[in-house]
Amino acid sequence: MNVKSRARIGAVAATTALTLGVLAAPAFADPADGSHRVLAGVGSDTTQDVVNGLSEVIGSPKTIASYNATGSATIQTRDSGCVIDRPDGSSAGIDALRASLANNDGCLDFARSSRGTADTSTSKLTWIPFAKDAVTIAVRSNSALNNNLDLSTAQLNQVFSCQLTSLNGVTLTPLLPQKNSGTRTFFLDKIGVTEAQVGSCVREMQEHNGVELTGVGDIAPYSVAQYLAQTGGVVTDRHGVTVLGKVNGVAPTAKGALNTAFPYSRDVYNVVPTAKLTDATVAATFVGASAKVCTNTGTIQDYGFGAIANCGDTSLKGER
């Protein structure tokens, strides 16, 4: 990816959804060349594409093997052994990393996570931020919901707890990612809804897949970075006919790029075992502002994410 690709994202994002949908969509699924590399990682659907992109430009030979959240039922991360169920989502990826540590099998080295740790009482894992994302709401462009779509946090709380069931004369069908999703955890936290409070009207979907919004009342959280990358032709375009809405009066994009001032903005992370922070390859790849992940800001921005000043910081530790 290069400056031209980033410019394309900005230009295309400003055009109509119909125009956006016709672009080509190059992407990597698991290691593009099928190789088993030094650092194997799994987890977040949100960051799988950007980490896949980074994996193609870091190291000679390439260092990172990033396995998608969906695909075949199992993956193999080493030349022999290490056949594991494919983890779908941040929590599933972190659980798989923890299991690998507990088994001392060396099958995994990091997990992708679109949320921070929920438990800082231990220090077994370190959440290393590398980019900025935001989560907003998406609806179909041909729905009456797409009429100056701008919901408050209070309204979203009511929508996903099924207390607010209609908007603009349309019966709402809220959708959330599956429960291992970091985006689900992050979004529910932002709108003040616990898992126990999620209403019975809510259906599940694979996150950031606008094709699954099939009805005029469908409404779902969506990663802004994923939306920009999809509609910009950088990754497989799954946005369908969805459009993004405002939250609390703030637009999720500005000048065709992620609006880092959006109220539901978040750092995204690569989670590594704290004990491996001093490993030369892990440190060179993830740790500190000079880490290879952090110095590839062009690739990060190609995939719709924002660069962050705290990239490579290792102060956030926890268990899950």
Side-chain angles (χ1 to χ4, degrees), residues 1-29 44-54 56 68-70 114 131-143 145-151 175 177 181 183 187 205-216 218-247 250-262 264-266 268 297-307:
M1 301 297 169
N2 52 31
V3 174
K4 185 181 292 184
S5 299
R6 293 197 298 278
R8 181 176 58 183
I9 288 178
V12 173
T15 63
T16 66
L18 178 62
T19 302
L20 294 171
V22 301
L23 295 175
F28 303 111
S44 170
D45 190 322
T46 302
T47 64
Q48 70 177 25
D49 295 311
V50 65
V51 177
N52 289 351
L54 288 165
E56 294 302 301
N68 284 3
T70 58
S114 60
K132 181 72 72 177
D133 186 23
V135 178
T136 189
I137 46 171
V139 299
R140 291 179 60 90
S141 61
N142 60 354
S143 168
L145 296 177
N146 183 32
N147 181 13
N148 297 317
L149 183 61
D150 181 2
L151 297 181
L175 296 93
S181 164
T183 295
F187 180 72
M205 61 177 286
Q206 187 65 33
E207 63 189 272
H208 323 313
N209 187 355
V211 176
E212 293 194 31
L213 275 69
T214 57
V216 294
D218 289 355
I219 182 169
Y222 216 103
S223 159
V224 178
Q226 269 285 335
Y227 190 89
L228 288 171
Q230 290 173 22
T231 56
V234 179
V235 304
T236 300
D237 188 358
R238 300 179 293 165
H239 93 290
V241 296
T242 57
V243 292
L244 302 183
K246 296 179 181 179
V247 171
V250 183
T253 61
K255 298 181 180 179
L258 174 77
N259 180 6
T260 56
F262 191 71
Y264 299 170
S265 64
R266 59 178 175 175
V268 291
T297 55
T299 300
I300 288 170
Q301 292 169 336
D302 282 341
Y303 284 84
F305 291 85

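- In terms of modelled atom types and a separation under 3.5 Å, the side chain of N146 and the main chain of N142 share no donor-acceptor contact.
- Taking all atoms of both residues into account, the shortest heavy-atom contact from T236 to Q230 is O-CG, 3.4 Å.
- Taken from OG1 in T47 to CG in D133, the straight-line distance is 9.0 Å, to the nearest 0.5 Å.
- R266 places a side-chain N or O within donor-acceptor distance of the main-chain N or O of S114, the cut-off being under 3.5 Å.
- With contacts defined as side-chain heavy-atom distances shorter than 4.5 Å, the pair L258/F305 does not qualify.
- Rounded to the nearest 0.5 Å, atoms OG1 (T242) and CG (D218) are 11.0 Å apart.
- Of the inter-residue distances, the one linking S223 atom OG with D45 atom CG reads 9.0 Å to the nearest 0.5 angstrom.
- Note that CG of L244 is 7.5 Å distant from CG of L228, once rounded to the nearest 0.5 Å.
- Counting heavy atoms from C-beta on, the side chains of S265 and T260 never come closer than 4.5 Å.
- For the pair Y222 (side chain) and G210 (backbone), a donor-acceptor distance under 3.5 Å is present.
- Closest approach of F262 and P252 over heavy atoms only: CD1-CA, 3.5 Å.
- How far CG of L175 is from CG of N209: 10.5 Å, rounded to the nearest 0.5 Å.
- Between I219 and V139, the closest heavy-atom pair is CG1-CG1, 3.9 Å.
- Residues L213 and M205 meet the side-chain proximity criterion, which asks for heavy atoms closer than 4.5 Å.
- For T183 and T46, the side-chain atoms include at least one donor-acceptor pair closer than 3.5 Å.
- Checked by atom type and distance alone, the side chain of T136 pairs as donor or acceptor with a backbone atom of G245 at under 3.5 Å.
- Between Q226 and E207 there is no side-chain heavy-atom pair separated by less than 4.5 Å.
- Residues T253 and V224 are in side-chain contact: their nearest non-hydrogen atoms beyond the backbone lie under 4.5 Å apart.
- The two residues Y303 and G53 make their nearest non-hydrogen contact at OH-CA, 3.5 Å.
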